[in-house]
Every structure is written in structure tokens, then in C-alpha cells.
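See below for the structure under consideration.
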Amino acid sequence: MAAVISVRGVSKVYPSGLKALDNIELDINRGEIFALLGPNGAGKTTLISIICGIVNASSGSVLADGHDIVKDYRIARSRIGLVPQELSTDGFESVWATVTFSRGLFGKPSAPEYLEKILRQLSLWEKKDARIMSLSGGMKRRVMIAKALSHEPDILFLDEPTAGVDVELRRDMWEMVRGLRDNGVTIILTTHYIEEAEEMADRIGVIRRGRLLLVEGKEALMEKLGQKQLCLQLQQPLAALPDEFSSYPLTLSADGHELTYHYDSQSEHTGIAELFRRLQQHGIDYKDLHSTQRSLEEIFVRLVSDQRPTEGLGR
Ligand SMILES: Nc1ncnc2c1ncn2[C@@H]1O[C@H](COP(=O)(O)OP(=O)(O)OP(=O)(O)O)[C@@H](O)[C@H]1O
């Protein structure tokens, strides 16, 4: 698939001497939702700001839709819409005036039909004449998105789109972002919320201390790093696990009713058949069983924690 953004060897050292990005290599595919996940200070905003031409890279290059973001700044920037973390709009202006003005900044001829389409898509059409200061927080965020889309970019960056937004509104935002993707816009979002990446992203990049630890399809990531658990609901509660099982990755619930077996979903030998055989030998019978996969949140915590370095992740 053709890359719509190509980041090659990008590093950033701030004047303070802090190395915020270290040799980033990243391709974003056209039409995907890409989530950049990382803890505070990992370098997410710095990377977005470089791609959008707000911050200069110390080294490396970026192509947006084939255009170098430094040499062909204007054309490269015109392909990109940016919704920054901070809401920044003139509260006295109307929604309509704001999006019209934003479009004008890119030197685009007026296109009321296009702006109407965007406002309708973002459920803002009814509010087009309202002053921005009179809108709710969620609507203000939508106005920021409408502004970012006003010049018809095909790449949209959302920096922490749902920070501080309540759960219901977050779901609305997700729905809306998917709608944009379905209309052909490539979406790159940064987030702290693992749930957001889990819910929305086609691919995920994990960044820590300025280094891209991995880039993977979401399903592949969960499959690759996921540990599975098999839970058995026992017919008869057990007072304790028989000694013979002490070396097994088994835990018994406090009430003795549930046995949980942990295994690596990637391993060829899960040991489940052997476990069942042993349980049968001990007359331990179960009435129900189900398996669960480790969530992206657990995977992420493991990836970014200092205790567990990222050995074996291919980067
Ligand atoms: N203008 C600047 N001058 C000096 N250091 C900066 C500047 N901007 C960011 N930094 C530092 O660079 C590092 C990366 O910051 P950045 O804002 O890119 O991280 P982030 O992943 O977006 O974090 P957050 O999730 O908190 O927004 C941090 O250590 C930050 O303090």
C-alpha cells in the first residue's frame, strides 16, 4: 500500500539539549487510522509538529503525499489538517466564519457546499451561526476538526482528540473519526487512552523516550504479544491446588471455584491437552470454560515499563 506520509531518520534535539526524537522511521498508509501511543513526554507531539511543519527536525526528512515538508512546505502543508491538543479558536466568531476563514488561510477558493458537507458530517450544521463561546466543549472540539478539514486535506492529525472528554462524547468522536476515514481521509491520532487505540486503530506505533519501539497492525500486535488465559469453572470447589500442579501456571480463585491457566498464544505447545489429562486423573471436573486474551493495555504497560525492556520485538 502506498505511504501517504514517509518519515525517514527524523531526530529532534531541543535547544535545551533534550533529545525528543531519535531516528524515527515511519510510513503511514493511505486511508488508515494510525494511533501513536506513548506515555507523557514520549515525543508524540514533537513528531506531529515536525510532520506538520511547526517544529524543525534536527535531522531526517518527511514526505507528505510525496512532497518534502521543508522544500515544498506550502503544498505539503496543504495536504494536512491538524487538530492540536489545545482548543484555540476565537470565541466571538461564528462557526461558519471560523471555518471559512481557515479555508482562506490556505488560499483556497470559497466552497460553501464543501464546508456545509463538513459541518453536517460533524453534526455542527445547526450551529453554524452560533458563536463558538456558546458551544459545549464537545462541539468546540468538533469545530476544531471542521477548521482542520476546511481546506480539504486528505491527511488529518488529531493530537489527543478525546483528552478530558467524557465517555459518551468519546464514543461519538470515534464514530465521527471512522466516518472521516470512510470518506477517504487518512487519520493519525496520538493518545494516552489505550482503549482509544484498541477501538479505532488499524495500526499502532508505540513510542517511548523519542524512540519508536514498534509499529504493528493492531490485531497482529495483540496476537503476537498477547497472553491468553483459560478459565475453568469447577464442578466442585477445591480447597487448594494439588501439589502436583504447583509448577503449572495455574491460579485458583479465593473461593476455589475457578482455575485459571496462563499460556502464550504464540507458543506451539500450549500444554492445554496435558493439563486436561492431569485434571482428569485427579478427578477435577469442570462445568464450563472460556478463554480471554491479554488486553492492549497490558501489552502497552509491558512495552513502556522500564522493568521489562522490549527484547524480541524486532526493533
Ligand atoms: N519546545 C520545547 N523545548 C524543549 N523541550 C521540549 C519542547 N517541547 C517538548 N519538549 C520536551 O520534549 C519531550 C517530548 O515532548 P512531547 O510534547 O513531544 O511529548 P508527548 O509524547 O506529546 O507528551 P504528552 O503526551 O505529555 O503530550 C518532553 O521531554 C518535553 O518536555
Exercise. Could you give me the CA-CA distance, side-chain angles and deciding distance for Ile272 and Tyr261, then say whether side chain to side chain contact (heavy atoms under 4.5 Å, CB included) is met?
Key: CA-CA 8 Å; Ile272 291 174; Tyr261 179 67; 3.8 Å; yes
Exercise. Evaluate salt bridge (charged side-chain N to carboxylate O under 4.0 Å, His left out) for Asp72 paired with Arg79, printing each intermediate quantity in order.
Key: CA-CA 11 Å; Asp72 305 319; Arg79 298 288 199 271; over 6 Å; no
Quiz item: Would Leu275 and Leu250 satisfy side chain to side chain contact (heavy atoms under 4.5 Å, CB included), going step by step from the backbone distance to the final call?
Solution: CA-CA 10 Å; Leu275 173 73; Leu250 271 176; 3.9 Å; yes
Self-check item: Pair Phe157-Ile5, side chain to side chain contact (heavy atoms under 4.5 Å, CB included): steps then yes or no
Solution: CA-CA 11 Å; Phe157 283 89; Ile5 300 270; 4.2 Å; yes
Quiz prompt | salt bridge (charged side-chain N to carboxylate O under 4.0 Å, His left out) assessment of Lys218 paired with Glu198 | solution = CA-CA 7 Å; Lys218 180 182 61 188; Glu198 196 161 359; over 6 Å; no
Practice problem: Could you walk me through whether Val185 and Asp154 pass side chain to side chain contact (heavy atoms under 4.5 Å, CB included), step by step? | Solution: CA-CA 5 Å; Val185 180; Asp154 35 27; 5.8 Å; no
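Here the straight-line distance linking atom CD of Gln235 with atom NZ of Lys287 works out to 6.0 Å at 0.5 Å rounding. In this structure, CZ on Arg181 lies 13.0 Å from CG on Leu156, to the nearest 0.5 angstrom. Summarising the geometry, atom CG belonging to Leu36 is positioned 7.0 Å from atom CG belonging to Leu212; distances are rounded to the nearest 0.5 Å. The NZ atom of Lys140 sits 15.0 Å away from atom CD1 of Ile145, with the distance rounded to the nearest 0.5 Å. If you take CD1 on Ile80 and NE2 on His67, they are separated by 10.5 Å, rounding to the nearest 0.5 Å. Atom CG of residue Leu124 and atom CG of residue Leu135 lie 7.5 Å apart, to the nearest 0.5 angstrom.
Taken together through direct or relayed side-chain contacts under 4.5 Å among Ile, Leu, Val, Met, Phe, Trp and Tyr, Val70 and Val55 form part of one hydrophobic cluster. Residue Leu63 is not grouped with residue Ile54 when hydrophobic side chains (ILVMFWY) are merged at heavy-atom distances under 4.5 angstrom, including chains of intermediate members. Follow the hydrophobic side-chain contacts under 4.5 Å out from Leu241 and you reach Leu289 in the same cluster. Ile50 and Val13 fall into different hydrophobic clusters, where Ile, Leu, Val, Met, Phe, Trp and Tyr side chains are chained together by heavy-atom contacts under 4.5 Å.
The cationic group of Lys12 lies under 6.0 Å from the six-membered ring centre of Tyr14 and within 45° of the ring axis, placing it in a cation-pi geometry.
Side-chain contact between Leu82 and Leu158 is absent, with no heavy atoms from C-beta onward closer than 4.5 Å. By the 4.5 Å heavy-atom criterion applied to side chains, Leu279 and Leu259 are counted as neighbours. Looking at Leu238 and Phe245, their side chains never come closer than 4.5 Å, going by heavy atoms from C-beta outward. In this structure, the side chains of Asn29 and Val4 stay at 4.5 Å or more apart for every pair of heavy atoms. Considering only heavy atoms from C-beta on, Val83 stays 4.5 Å or farther from Asp159 through its side chain. Two residues are said to be in side-chain contact when any heavy atoms from C-beta on lie closer than 4.5 Å; Leu26 and Phe34 meet this criterion. Taking the side chain as every heavy atom from C-beta outward, Met176 and Arg142 approach each other to under 4.5 Å.
Listed here is the closest heavy atom pair of Ile207 and Gly210: CG1-C, 4.3 Å. Taking both residues in full, the closest heavy atoms of Ser94 and Asp129 are given as CB-O, 3.9 Å, listed atom of the first, atom of the second, then distance. When all heavy atoms of Leu189 and Ile33 are compared, the pair lying nearest together is CD2-CG2, 4.0 Å. Across all their heavy atoms, Thr186 and Ile28 have their closest contact at CG2-CG2, 3.7 Å. The minimum heavy-atom distance linking Val7 with Ile24 is given by the pair CG1-O, 3.6 Å. Between Ala146 and Leu119, the shortest heavy-atom distance links the atoms CB-CD2, 3.9 Å.
A donor-acceptor pair shorter than 3.5 Å can be found between the side chains of Gln85 and Thr45. For the 3.5 Å distance criterion, the side chains of Ser11 and Asn23 fail to qualify, holding no donor opposite an acceptor.
Qualifying ring pair (Phe, Tyr, Trp, His ring centres under 6.0 Å) partners for Phe106, counting only residues two or more places apart in sequence or in other chains: His151. By the ring pair (Phe, Tyr, Trp, His ring centres under 6.0 Å) test, Phe276 is found to be paired with Tyr286, residues two or more places apart in sequence or in another chain being considered.
Residue Glu274 places its CD atom among more than 12 non-hydrogen atoms of other residues, nucleotides or ligands, all under 6.0 Å distant. Residue Arg277 places its CZ atom among more than 12 non-hydrogen atoms of other residues, nucleotides or ligands, all under 6.0 Å distant. Asn56 CG: 12 or fewer foreign heavy atoms inside a 6.0 Å radius.
In this structure a side-chain-to-backbone donor-acceptor pair under 3.5 Å is missing from Arg77 to Gly53. For the pair Arg131 (side chain) and Glu93 (backbone), a donor-acceptor distance under 3.5 Å is absent. At distances below 3.5 Å, not a single donor-acceptor pair connects side-chain atoms of Lys44 with backbone N or O atoms of Leu37. Formation of a donor-acceptor pair under 3.5 Å by the Lys128 side chain with backbone atoms of Trp96 is not found in this model. A donor-acceptor distance shorter than 3.5 angstrom exists from the side chain of Ser150 to the backbone of Lys147, with no hydrogens or angles considered. The backbone N or O of Asp202 sits nowhere less than 3.5 Å from a side-chain atom of Glu32 that would complete a donor-acceptor pair.
Ion pairing between a basic and an acidic side chain is recognised when a charged N comes within 4.0 Å of a carboxylate O; Arg209 and Asp22 show no such pairing. Between Glu199 and Arg178 there is a salt bridge, with a side-chain nitrogen of the basic residue lying less than 4.0 Å from a carboxylate oxygen of the acidic one. For Arg120 and Glu116, the salt-bridge test passes: some basic side-chain N is under 4.0 Å from an acidic carboxylate O. Ionic pairing of Arg203 and Glu216 is not present here: no N-O contact between side-chain nitrogen and carboxylate oxygen is shorter than 4.0 angstrom.
Sorted by first and then second residue, the salt bridge (Lys or Arg N to Asp or Glu O under 4.0 Å) pairs with a member in residues 234-259 read Glu244-Arg278; sequence neighbours excluded.
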